[in-house]
Participant: 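Mind having a look at this structure? Questions to follow.
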Amino acid sequence: MSYFQKTFQLPAYSRGFHLITPIVEREFAEIRQIRVGLLHVFIQHTSASLTINENADPTVREDFESYFNRAVRENEPYYKHDYEGSDDMPAHIKASLLGSSVSIPITNGRLNLGTWQGIYLCEHRNQGGRRTLVVTASGEITRPK
Amino acid sequence: MSYFQKTFQLPAYSRGFHLITPIVEREFAEIRQIRVGLLHVFIQHTSASLTINENADPTVREDFESYFNRAVRENEPYYKHDYEGSDDMPAHIKASLLGSSVSIPITNGRLNLGTWQGIYLCEHRNQGGRRTLVVTASGEITRPK
Amino acid sequence: MSYFQKTFQLPAYSRGFHLITPIVEREFAEIRQIRVGLLHVFIQHTSASLTINENADPTVREDFESYFNRAVRENEPYYKHDYEGSDDMPAHIKASLLGSSVSIPITNGRLNLGTWQGIYLCEHRNQGGRRTLVVTASGEITRPK
């Protein structure tokens with residue numbers, strides 16, 4: 001049984017939803033050593049989040065941005081936390097609606113996602129900059145040490 | 001320390017929220033071997049999801065369906081991803097709001113849920129068909145192998 | 001590799017969002033023994049939830065309460081589950097939107113949260129009373145037993 005953990009930064013993304021599965025797989029090649037286990041991807045921020053959704057048609061990700069901008073509006077008159085910009089408080093709420101981590105089974109050295117599933121970085125700020133992920137894999141390794 | 005993992009299909013459910021705790025416990029009897037650990041239930045789809053909520057009164061599950069149909073409406077004029085049916089794009093959004101996995105503590109061979117907690121399959125499509133779960137348990141086993 | 005698990009009760013909180021990171025760290029000192037691993041915090045209730053968000057400005061937590069009260073309203077005419085009080089059905093929905101657990105990386109004996117991240121107890125009932133958490137940590141311990 002082993003634990004692997006790595007911290008790395010994503011490139012800066014524009015506000016919206018972005019597929020990052022290939023980056024996670026490339027940056028965290030330790031996945032290949034695990035026969036059966038789990039991958040935990042954690043984002044160390046409160047105005048960006050992670051979710052799993054459709055990896056094919058990019059209009060799904062565009063519709064996510066449209067939906068969440070309507071479900072959590074900027075400049076609500078009742079917001080008290082407004083001094084970091086009109087995109088800030090909505091970003092915190094969206095981040096909690098979607099969540100700060102995803103957990104994915106690992107099977108025979110690969111992420112055991114469904115055919116259409118991918119990991120999304122959800123960037124809720126206009127200028128979020130580079131975001132930091134802490135990725136942890138645990139499980140039984142393919143060849144005992 | 002051990003990892004157990006199993007993939008299985010649920011029966012096809014109608015659109016709505018359905019209690020599946022007994023199915024998970026029956027299909028994945030390995031839970032009983034774990035003294036202390038965690039169960040991870042993952043759904044390999046992007047238009048159905050998993051959550052934990054009230055296991056008793058079925059009207060809670062009916063109200064969930066009513067709420068989510070109002071919070072994420074079909075046929076929004078701004079949706080671009082619309083060629084898979086009017087229930088498709090809302091299904092993707094609902095799936096990310098609720099999440100693709102649940103994690104539950106295991107204690108003395110049993111799921112350590114609260115008295116009123118159960119695992120819900122959230123079927124967001126009109127005809128979602130059979131859904132596939134990947135279930136992973138990890139922990140210290142009752143009797144060392 | 002080790003698993004630690006502990007069940008404890010939080011103090012009773014008023015309806016709203018409350019920072020509980022210091023309580024979790026104090027009640028579950030086993031975190032310090034783990035060199036690399038994960039912490040899983042699970043709430044055994046269906047009308048309160050857990051999320052990770054901003055740990056500094058308390059108005060973020062006030063705005064969360066304002067937002068969720070508007071996004072999931074009381075006394076909706078379509079609710080069928082209404083006999084436990086007008087705050088009950090919204091509490092169930094909020095609990096599933098936010099989730100019943102959070103998972104956080106552990107690194108060198110500490111929760112590896114971002115600078116601005118904290119664990120929120122989300123109390124959705126008017127009189128929720130004391131809530132029970134089941135906290136599980138897994139990972140490689142600093143000094144082998």
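Letters go in sequence order (proteins before strands), and every chain restarts at 1. Atom set for the values below is all heavy atoms of this structure, side chains included, hydrogens, waters and symmetry mates excluded.
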Participant: Given the rule in the side chain to side chain contact (heavy atoms under 4.5 Å, CB included) test, do B/W116 and C/H92 qualify, once you have shown the distances and angles that lead to the verdict?
Facilitator: CA-CA 11 Å; B/W116 303 106; C/H92 289 306; over 6 Å; no

Participant: Examine whether an atom of C/V72 lies under 4.5 Å from a heavy atom of chain B, and if so say whether it belongs to the side chain, the backbone or both; otherwise answer neither.
Facilitator: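 Both parts, heavy atoms under 4.5 Å.
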
Participant: Top residue by heavy-atom pair count (under 4.5 Å) with chain C, among B/V102, B/V36, B/I106?
Facilitator: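 Highest number of heavy-atom pairs under 4.5 Å: B/V36.
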
Participant: Which bit of B/R70 is near chain C, if near means a heavy-atom gap under 4.5 Å: side chain, backbone, both or neither?
Facilitator: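 Answer is side chain: those atoms of B/R70 sit under 4.5 Å from chain C.
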
Participant: Roughly how far, to the nearest 0.5 Å, is the OG1 atom of B/T51 from the CG atom of C/L98?
Facilitator: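 Rounded to the nearest 0.5 Å, the CG-OG1 separation comes out at 10.0 Å.
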
Participant: Would you sort out whether B/Y67 and C/L97 count as a side chain to side chain contact (heavy atoms under 4.5 Å, CB included), showing the intermediate values?
Facilitator: CA-CA 11 Å; B/Y67 172 79; C/L97 285 170; 4.0 Å; yes

Participant: Identify which part of B/F68 has an atom lying under 4.5 Å from any heavy atom of chain C, answering side chain, backbone, both or neither.
Facilitator: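 Side chain only.
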
Participant: Do you know the tightest heavy-atom contact between C/S101 and B/S103?
Facilitator: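 The answer is OG-O, 4.0 Å.
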
Participant: Heavy-atom distance under 4.5 Å to chain B: side chain of C/I43, backbone, both or neither?
Facilitator: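 Backbone only.
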
Participant: For the residue pair B/E54 and C/H81, what are the closest heavy atoms and their distance?
Facilitator: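 That would be OE2-CE1, 3.8 Å.
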
Participant: Using a 4.5 angstrom heavy-atom cutoff, name the option from B/P58, B/P105, B/S66 with the most pairs to chain C.
Facilitator: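 Between B/P58, B/P105, B/S66, the count favours B/P105.
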
Participant: Supply the atom-to-atom distance C/M89 CE to B/D57 CG, rounded to the nearest 0.5 angstrom.
Facilitator: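 Between C/M89 CE and B/D57 CG, I get 9.0 Å after rounding to 0.5 Å.
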
Participant: In terms of heavy-atom proximity below 4.5 Å to chain C, should B/E62 be classed as side chain, backbone, both, or neither?
Facilitator: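 B/E62 touches chain C through side-chain heavy atoms alone.
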
Participant: Please determine which of B/L38, B/I52, B/N112 meets the side chain to side chain contact (heavy atoms under 4.5 Å, CB included) test together with C/F42.
Facilitator: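 With C/F42 as partner, side chain to side chain contact (heavy atoms under 4.5 Å, CB included) holds for just one option, B/I52.
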
Participant: Is a side-chain N or O of B/D63 found less than 3.5 angstrom from the main chain of C/K80, in a donor-acceptor match?
Facilitator: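 Side chain of B/D63 to backbone of C/K80, a donor-acceptor pair under 3.5 Å: yes, one is there.
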
Participant: Heavy-atom cut-off 4.5 Å, strictly under: side chain, backbone, both or neither for C/S96 against chain B?
Facilitator: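 Both parts, heavy atoms under 4.5 Å.
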
Participant: Heavy-atom distances under 4.5 Å only: say whether C/H45 touches chain B with side chain, backbone, both or neither.
Facilitator: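 Contact with chain B is through the backbone of C/H45 alone.
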
Participant: For C/S100 versus B/Q117, what's the shortest heavy-atom pair and its separation?
Facilitator: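 C/S100 and B/Q117 have their closest heavy atoms at CB-NE2, 4.3 Å.
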
Participant: Please check this pair: side chain of B/E140 against backbone of C/S2, looking for a donor-acceptor N/O pair closer than 3.5 Å.
Facilitator: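 The answer is no, because no donor-acceptor pair under 3.5 Å joins these two groups.
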
Participant: Out of B/T115, B/N55, B/T59, which one racks up the most heavy-atom pairs below 4.5 Å with chain C?
Facilitator: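 The answer is B/T59.
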
Participant: Between C/Q5 and B/G37, what is the shortest heavy-atom contact and its length?
Facilitator: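 In terms of heavy atoms, the two residues are closest at NE2-O, 3.6 Å.
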
